[in-house]
Protein chains: 2
Amino acid sequence: MATIEDVAKLAGLSRTTVSRVINNHPYVSEAKKQLVLDAMKQLGYVPNSSARSLRNQKTEMIAVIIPRVMNPFFGQLVESLEIAASEYHYQVIVCQTLYSAKKELDYLNLLKTKQVDGVILTTLLNDWRQIEPFLDYGPIVLCNEFEERANIPTVHMNQEYGGYVATTHLIEDGHSRIAYCCGNMKSNVTKAREKGFRKAHTERGLQIDEDLVFRNVFTFEDGKKILKKLMTMESRPTAIFTGSDEVAAGVISEAKKMGIMVPEELAVVGFDNQDITELMDPMITTIHQPVKEMAHKAMNVMMDKIKHKNYKKKEVYQLPLSLVVRESTEKSAQ
Amino acid sequence: MATIEDVAKLAGLSRTTVSRVINNHPYVSEAKKQLVLDAMKQLGYVPNSSARSLRNQKTEMIAVIIPRVMNPFFGQLVESLEIAASEYHYQVIVCQTLYSAKKELDYLNLLKTKQVDGVILTTLLNDWRQIEPFLDYGPIVLCNEFEERANIPTVHMNQEYGGYVATTHLIEDGHSRIAYCCGNMKSNVTKAREKGFRKAHTERGLQIDEDLVFRNVFTFEDGKKILKKLMTMESRPTAIFTGSDEVAAGVISEAKKMGIMVPEELAVVGFDNQDITELMDPMITTIHQPVKEMAHKAMNVMMDKIKHKNYKKKEVYQLPLSLVVRESTEKSAQ
DNA sequence: GTGAAAGCGCTAACAG
DNA sequence: CTGTTAGCGCTTTCAC
């Protein structure tokens, strides 16, 4: 492979001059510049990234840590983050933890080994004390997940409001026995959402039946299971707030099979506003999360931190969530 | 950040010895090895990847070029490829072309700049002549897409059989007017699938009405549009074979809205066997693609090529496809 | 078993 | 404007 040296020789110039041309530095005469350009073209020369990374102490790569790509929410997040990164000529490395705390730590090592210029964490499997030491090696930005103790840039959604507005919508529709599904209870996203759920009840003087609260519900299979369980209960809920559209779709799909009318017998609220909400019959009422905006903001912040290196400071950006009412809760619409 | 030099000094040894310990080379006495290990721990030393990459001429990164992550088929492919790569301690860089041929070329440049050890192409937007020159810079493996002229390792599915078996299933169910949707006609995946579709017709002495063949159909929105168009036709088809489960879901969703019974009035076959096939009502008959197996095979082949450098040779692995019959084509099941 | 030294390909002082 | 030179951090001959 041709190196800068080869180009220099062919052009009859020094490596420095070639380097200057490559990096668009000033103070190169047009004539020599052309000489270099010609030599580069003739040799099919392209600068070696490893050498550049070593010399410049930056790789122009960002690690994005997610549970898995096939989770639609995180898939969308990765897609948007990659698009945002490419605008800065940065590459994104996908790091799937598959819900393993150890893998999360392994991937954070990319920061230590300087394989990436920064890490975007979208989820937090380890305790913050485990993560914090990695900050000595480069910027970490929290995107989606958040953590009180973490003094780093954070871009996330107002999850409490999400839980609140969805629940309020159900209550105002006349529901008072509302089932609740959520994911990993260690997540602050989950906690905040539940806080909103509870707040909505309290405000209207309603009690929550803890038997209707389900944890660790993630997939559409889980949704199906929950629906079945609900149907065995003596005193059934009239509505269910699920943590994701997949779960909601699973609930609705199973409800149909069991001959339960949605929303007449069971109103369903999803979360994320994925495509599937418009595909299901009834279409799913959900909470829209501005994922693209969050991704862009997170990447912008990351680029700023890489540039200015002042990344050990709390800096929180919160994006709004909004309720999208569709058929799965609208009795009148049926 | 601590370097190998720092470790050597602290251990009172040479860089060479430290390097030997890092790389588990033999001929290091246990005593000195322990000295090095201690020094490394004390300094929190981790080898710098850029330096290693430069020296070893490999980055342990693979670029995976896909249209976009949110396309469920490619999302699944990326997920599986990343899992396979991580087993080799390789990282995957996601490269989304967003259907732009230029971006495809841009991402192939990662090979030239030695930012990655190899590229996995899952789609082909440029003519093969545009791609071929990149082979001088490192291995390219085709995974999913295939190309006659490409003398490189290829792992793909038997798409012709997929088209054939789906169509035959419909014909045997008594359908003779079958609509057909496909994606990008430049893709050999698409072409092979259509070949199978046509072959099934020919074999049974059936004609294809070219008005029922739709190109560039990708999303569930597209599926909805097609359904609407179909319904304006004088002589409607009684079945439709779509290129993906999303499109099939769109068709079914819209059919319901228009009061058309699936499968009684319109049988629908999807492709990919995504989760959504089991979520829709009726559940979607589809073609299962062994994506995980394909991804693993492709990554194994890639690792082999990186190791042995003999990657400019045709080497084709074809995986089987299979029909999964569900409710969207089964009249009797209703 | 261990170390000295060269060099992977590049950029940035510094000198002119 | 251009070139000389010294590394970035690591691995690997080669010599002892």
Side-chain angles (χ1 to χ4, degrees), chain A residues 1-37 39-40 43-61 89 109-117 137-138, chain B residues 1-37 39-40 43-61 89 109-117 137-138:
Chain A
M1 230 74 306
T3 72
I4 198 169
E5 179 78 54
D6 302 326
V7 177
K9 269 188 194 145
L10 184 60
L13 293 163
S14 73
R15 274 162 22 207
T16 312
T17 307
V18 177
S19 174
R20 286 206 179 96
V21 173
I22 295 168
N23 297 290
N24 267 312
H25 281 258
Y27 308 127
V28 182
S29 69
E30 263 313 313
K32 311 237 157 163
K33 184 170 177 178
Q34 205 50 54
L35 236 44
V36 170
L37 258 18
M40 279 174 32
L43 293 169
Y45 168 80
V46 180
N48 177 302
S49 322
S50 302
R52 286 190 123 175
S53 295
L54 177 58
R55 177 62 230 222
N56 295 336
Q57 305 283 29
K58 60 175 183 158
T59 59
E60 310 203 322
M61 305 239 187
H89 301 288
N109 257 312
L110 294 173
L111 204 54
K112 275 200 182 182
T113 61
K114 292 279 151 222
Q115 213 157 349
V116 297
D117 294 345
Y137 301 90
Chain B
M1 230 79 301
T3 72
I4 198 170
E5 177 79 53
D6 301 328
V7 177
K9 267 187 195 146
L10 184 60
L13 293 162
S14 72
R15 271 158 28 203
T16 313
T17 307
V18 177
S19 175
R20 285 206 180 96
V21 173
I22 294 168
N23 297 289
N24 266 312
H25 281 257
Y27 307 127
V28 181
S29 67
E30 263 313 312
K32 310 236 158 163
K33 185 171 176 176
Q34 205 49 57
L35 236 43
V36 170
L37 257 20
M40 278 173 31
L43 292 170
Y45 169 79
V46 179
N48 177 301
S49 316
S50 301
R52 286 192 122 174
S53 295
L54 177 59
R55 175 66 229 222
N56 296 335
Q57 306 282 29
K58 59 174 185 158
T59 58
E60 310 203 320
M61 304 238 188
H89 301 291
N109 257 311
L110 294 173
L111 204 53
K112 275 200 182 181
T113 62
K114 294 277 152 226
Q115 212 157 349
V116 298
D117 294 345
Y137 301 90

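Fair warning: this is a prediction, and the values are worked out from it, not measured in the lab.
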B/Ser49 side-chain N/O to A/Thr113 backbone N/O, donor-acceptor pair under 3.5 Å: yes

Side-chain donor/acceptor of B/Asn56 to backbone N/O of B/Lys58, under 3.5 Å: no

Test item: B/Lys32 side-chain N/O and B/Val18 main-chain N/O as donor-acceptor pair under 3.5 Å: no

side-chain hydrogen bond (donor to acceptor under 3.5 Å, both in side chains) partners of B/Ser14, counting only residues at least two apart: B/Thr17

Side-chain N or O of B/Lys32 closer than 4.0 Å to phosphate OP1/OP2 of C/dT2: yes

Between P of C/dT2 and CG of B/Leu35, the distance in whole Å: 10 Å

Nearest-0.5 Å distance that lies between atom CG in A/Leu37 and atom CD in A/Glu30: 9.0 Å

Counterpart residues, side-chain hydrogen bond (donor to acceptor under 3.5 Å, both in side chains), relative to A/Ser19 (two or more places apart): A/Asn23

side-chain contact (heavy atoms from CB on, under 4.5 Å) assessment of B/Lys33 paired with B/Leu13: CA-CA 10 Å; B/Lys33 185 171 176 176; B/Leu13 293 162; over 6 Å; no

Main-chain N/O of B/Gly138 paired with B/Lys112 side-chain donor or acceptor, under 3.5 Å: no

Rounded to 10 degrees, the angle between the two terminal axes of the helix from C/dG1-D/dC16 to C/dG16-D/dC1, each from five pairs: 40°

Span of DNA chain D, from the first to the last nucleotide whose atoms fall under 4.0 Å of chain A heavy atoms: D/dC1 to D/dG9

Point-to-point distance, once rounded to the nearest 0.5 Å, from CG of B/Asp6 to CE of B/Met1: 10.0 Å

Contact pattern, 5' to 3', of nucleotides 7-14 of chain C - B, S or - by protein heavy atom under 4.0 Å: BBBBBBBB

Under the side-chain hydrogen bond (donor to acceptor under 3.5 Å, both in side chains) test, residues paired with B/Ser53 that sit two or more places apart: none

